[in-house]
Structures are given as structure tokens and as C-alpha cells.
Amino acid sequence: MDLRIFTEPQQGATYDDLLAVAKATEDLGFDAFFRSDHYLSMGSGDGLPGPTDAWTTLAGLARETSRIRLGTLVSSATFRHPGVLAIQVAQVDQMSGGRVELGLGAGWFAQEHAAYGIPFPEKRFGLLTEQLELITGLWGTPVGEHYDFAGEHYQLKHSPALPKPVQSRVPIIVGGSGPKRTPALAARYATEYNQSFPAPADVQDRVAVVRAACEEAGRDPSTLTFSVAQVLCAGRDDAEVARRADAIGRDVGEVRAVGFAGTPSAVVDRIGSYRELGITRVYLQVLDLHDLDHLELVASEVATQLG
């Protein structure tokens with residue numbers, strides 16, 4: 001089971017905060033450091049000192065880490081032109097020595113678009129579909145050849161399709177709960193299908209739908225990684241769990257019901273229940289970026305039991 005650390009910097013974090021978590025992620029043996037791609041805080045917090053850009057952050061971390069995978073969960077198709085995003089991701093992949101992964105979604109948070117003057121069309125699934133085709137097309141074009149794309153939303157003419165990533169195929173993560181279009185996109189373009197904060201009872205049915213979409217597309221479902229993301233709130237005893245829940249403004253009963261929460265044995269059991277459903281990768285959403293002891297607890301008393 002891959003254990004990945006997943007952060008939400010829009011809630012309030014500097015680059016130095018993220019660097020400290022990324023270095024702890026690497027030193028403690030976790031598989032990857034991921035971050036959300038948002039420009040506005042959510043909920044009642046002030047988000048100070050303000051947002052950090054996802055791909056600028058990952059570029060810095062690419063040079064200050066050496067082992068962990070780095071990526072977004074997920075970038076919004078509304079934020080960047082796909083031609084520019086393809087260049088950015090390829091460059092960060094080069095800077096990291098081939099450790100980058102791209103999570104890409106349609107975008108959903110209208111308020112952050114309004115706050116920073118980013119267009120937010122009512123219909124965005126077409127943008128996402130064309131971006132996935134265009135980005136993989138640019139990366140897949142042999143060096144010395146050119147790439148053309150004529151879509152409804154984007155047009156590229158005689159692109160040199162450079163630079164290339166270090167990896168022969170940058171892993172692409174697609175997620176969501178849609179019953180038809182999202183599974184079809186995952187089957188066609190993704191290396192990983194992610195469920196972010198699902199009700200545990202819904203996980204099995206969503207996995208089955210995506211597996212069926214793979215089979216319909218003529219793809220072996222075993223070539224797709226299935227993952228989930230849930231909030232992390234672990235403690236050595238009930239008092240420590242309650243303290244950590246309070247620190248992130250969450251109800252302790254709610255995080256126990258849906259998240260990776262409780263004592264280490266309870267977290268192991270929850271992750272193990274997902275493994276039985278075909279999940280082989282989990283993203284531990286870490287909301288208190290200054291509580292590095294939290295990560296150490298999971299590394300020493302959860303990861304060691306999962307193998």
C-alpha cells in the first residue's frame with residue numbers, strides 16, 4: 001500500500017511550511033508529497049499569508065528532495081492553457097529527475113476564479129477532455145516531429161511539442177464521482193483513478209464502474225491504479241486524536257467515521273478495508289502542517305503494519 005502525504009496550502013502555508021512537510025515526507029519513508037491546486041482558502045480561515053502556486057511550489061521541491069514523487073491532486077483545467085501546463089510539468093519532471101505526476105480535473109470552486117479574474121465557464125468537462133488529449137499528445141509526439149490539434153476549445157498548429165518529460169509517461173491522475181464521463185476519461189488517459197473524500201460505502205461501486213469502463217475501452221483494469229484520499233487524524237490515544245481534530249477544526253466523531261482517524265490500529269484497519277476493495281494507494285490529507293509529529297506517528301506505527 002502506497003502512503004502519500006497530501007496538503008491543502010490554500011488554507012494558509014508558506015513555501016517554507018511546505019518544504020518542511022515535504023522533507024519530513026521523504027525522511028520518514030512516505031511515497032509522495034502532493035498538494036492541492038487552489039488560490040483561495042475555504043471555510044472560516046483567513047488563509048494567511050495567502051496562496052502559493054502549485055507548480056511553482058513543486059518546482060522548488062523538485063530541487064530540494066531526491067526520492068519522493070511530487071504532484072497535484074488536482075490541477076484545474078481552468079487555470080492554465082494546456083500547452084503551457086505541458087511545458088511546466090515537463091520542466092518540473094526534468095528538475096526532479098522524473099518524479100512528477102499530474103492530477104487534472106475540471107475545476108469547481110467558482111469563488112477562487114472570481115477572486116483572481118480567472119474565467120469560469122459553466123461547462124468545463126470539454127476543457128478537461130481536450131486538455132488530457134492535448135497534453136498527452138504533446139508529450140507523445142516524437143522529437144523532431146510536430147503536433148497539431150484542432151478542438152472546440154484549443155487549437156495548436158505545427159507545435160514542436162517540446163520539452164519532453166524525463167519519464168516516458170508522466171503518470172496522470174483523474175478523479176471524480178461521475179457515473180459515465182469521468183470513468184471513460186480515466187480509462188482512456190489516466191494511470192490512476194482517485195476518489196477524494198468518498199463515503200466509505202461508495203468506494204466499491206465506484207471502483208466497479210471504472211473497471212467496467214476500462215473493459216469497455218479495451219483496457220485491462222489492472223493497469224489502472226485505484227486510490228482514495230481522506231483526512232488524517234491519528235493519535236496514540238483518544239485524547240491525542242481529539243486534540244488533533246480540534247486543531248484542524250473538525251469534529252472528532254466525523255473524522256473517525258470517514259477519515260484515516262483514531263489510534264494507529266484503527267487507521268491500519270481503515271486502510272486495510274480499502275485494500276480489500278482494490279485500493280492500493282492512499283492520500284493522507286494533512287491539514288496541520290506544523291504538526292510533524294503526526295507524520296512521524298504514522299510512519300512508525302501505521303506504515304510499518306501495512307507492509
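Positions are given from 1, in the same order as the sequence printed here.
When the shell of 6.0 Å around CD of Q111 is examined, it contains 12 or fewer heavy atoms from other residues, nucleotides or ligands. The environment of R63 atom CZ is sparse: at most 12 non-hydrogen atoms of other residues, nucleotides or ligands sit within 6.0 angstrom. Around CD of E216, the count of heavy atoms belonging to other residues, nucleotides or ligands within 6.0 Å does not exceed 12. E152 CD: 12 or fewer foreign heavy atoms inside a 6.0 Å radius.
Put simply, the side chain of K157 never gets that close to the backbone of F149: no donor and acceptor are under 3.5 Å apart. Side-chain atoms of Q285 do not come within 3.5 Å of backbone N or O of Q230 as any donor-acceptor pair. Not one N or O on the side chain of W139 forms a donor-acceptor pair closer than 3.5 Å with the backbone of V170. Without hydrogens or angle criteria, Q155 side chain to G151 main chain gives a donor-acceptor distance under 3.5 Å. No donor-acceptor pair under 3.5 Å is formed between the side chain of S159 and the backbone N or O of L156. Of the possible donor and acceptor atoms, one in the side chain of R99 sits under 3.5 Å from a partner among the backbone N and O of T65. Proximity of a side-chain donor or acceptor of E26 to a complementary backbone N or O of R67 within less than 3.5 Å is detected. R270 contributes a side-chain N or O that, together with a main-chain N or O of G259, makes up a donor-acceptor pair within less than 3.5 Å. The backbone N or O of D202 lies less than 3.5 Å from no partner atom in the side chain of D205, so there is not a single donor-acceptor pair. Remark: side-chain polar atoms of S75 are not paired, donor with acceptor, to backbone N or O of T72 under 3.5 angstrom.
Using a 4.5 Å heavy-atom threshold, the side chains of S177 and T182 count as separate. Side-chain contact between I271 and R275 is absent, with no heavy atoms from C-beta onward closer than 4.5 Å. Within the 4.5 Å cutoff, the side chain of F6 has no heavy atoms near those of the R35 side chain. At least one side-chain heavy atom of L224 sits less than 4.5 Å from a side-chain heavy atom of C214. Between P183 and R206 the shortest side-chain heavy-atom distance does not fall below 4.5 Å. For the pair L18 and T7, the minimum side-chain heavy-atom distance is below 4.5 Å. Here the side chains of L132 and V174 are in contact, with some heavy-atom distance below 4.5 Å. Under the 4.5 Å side-chain criterion, counting only non-hydrogen atoms from C-beta, L70 is not in contact with F34.
N194 and A229 get closest at one heavy-atom pair: ND2-N, 3.9 Å. Of all non-hydrogen atoms in A24 and L292, the two that sit nearest each other are CB-CD2, 4.3 Å. Of all heavy-atom pairs between F120 and A110, the closest is CE2-CB, 3.4 Å. Looking at every heavy atom in both residues, P198 comes nearest to V203 through CG-CG2, 3.7 Å. Shortest non-hydrogen contact noted between M1 and T280 is SD-C, 3.3 Å. The two residues A161 and T141 come nearest to each other via the heavy atoms CB-CB, 3.8 Å.
Linking Ile, Leu, Val, Met, Phe, Trp and Tyr whenever their side-chain heavy atoms come within less than 4.5 Å leaves V241 and L297 in two separate clusters. Cluster annotation: W55 is connected to I135 through the hydrophobic network of ILVMFWY side chains, with a link wherever side-chain heavy atoms come within less than 4.5 Å. Criterion: ILVMFWY side-chain heavy atoms under 4.5 Å apart, direct or through other members. Under it, V210 and V228 are part of a common hydrophobic cluster. In the hydrophobic clustering of ILVMFWY residues, with side-chain heavy atoms under 4.5 Å counting as a link, L232 and V255 come out apart. Both L277 and F226 belong to a common hydrophobic cluster when Ile, Leu, Val, Met, Phe, Trp and Tyr are linked at side-chain heavy-atom distances under 4.5 angstrom.
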What's the verdict on side chain to side chain contact (heavy atoms under 4.5 Å, CB included) for E101 and T191, showing C-alpha distance, side-chain angles and the deciding distance?
CA-CA 10 Å; E101 303 186 12; T191 53; 6.0 Å; no

Is there a ring-ring contact (aromatic ring centres under 6.0 Å, His included) between H38 and W108 once you walk through the steps?
CA-CA 10 Å; H38 284 294; W108 62 271; 5.7 Å; yes

For the pair T52 and T14, evaluate side chain to side chain contact (heavy atoms under 4.5 Å, CB included) and give the outcome as yes or no after the intermediate values.
CA-CA 7 Å; T52 50; T14 65; 5.9 Å; no

Side chain to side chain contact (heavy atoms under 4.5 Å, CB included) between V286 and L295, worked out
CA-CA 9 Å; V286 175; L295 302 189; 3.7 Å; yes

I'd like to know whether Y39 forms a ring-ring contact (aromatic ring centres under 6.0 Å, His included) with F109, so could you lay out the CA-CA distance, the side-chain angles of the two residues, the decisive distance to 0.1 Å, and finally the verdict.
CA-CA 10 Å; Y39 293 125; F109 192 18; over 10 Å; no

Could you walk me through whether R211 and E215 pass the salt bridge (Lys or Arg N to Asp or Glu O under 4.0 Å) test, one step at a time?
CA-CA 6 Å; R211 287 184 180 277; E215 292 171 353; over 6 Å; no

Would you please test T57 and L61 for side chain to side chain contact (heavy atoms under 4.5 Å, CB included) and show each step?
CA-CA 6 Å; T57 296; L61 297 180; 3.9 Å; yes

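The one candidate from E192, Q195, R4, R281 that meets the side-chain hydrogen bond (donor to acceptor under 3.5 Å, both in side chains) condition with S227 is E192. Applying the salt bridge (Lys or Arg N to Asp or Glu O under 4.0 Å) test between R244 and each of D291, D238, D288 identifies D291 as the sole match. A side-chain contact (heavy atoms from CB on, under 4.5 Å) with Y283 is found for one member of I5, I173, V231 and no other, namely I173.
Between the side chains of D220 and T223, no donor-acceptor pair is found at a separation under 3.5 Å. Looking only at atom types and distance, the side chain of E133 has no donor-acceptor partner in the side chain of Q131 under 3.5 Å away. For the 3.5 Å distance criterion, the side chains of S36 and E8 qualify, holding a donor opposite an acceptor.
Distance check: S76 OG to H113 NE2 gives 4.0 Å after rounding to the nearest 0.5 Å. The CG atom of L127 lies 11.5 Å from the CG atom of L134; values are rounded to the nearest 0.5 Å.
Annotation: cation-pi geometry satisfied between R181 and F125 (NZ/CZ under 6.0 angstrom from ring centroid, within 45° of ring axis).
In this pair, H158 and H146 present their aromatic rings parallel. The plane angle is below 30°, not in the 30 to 60° band.
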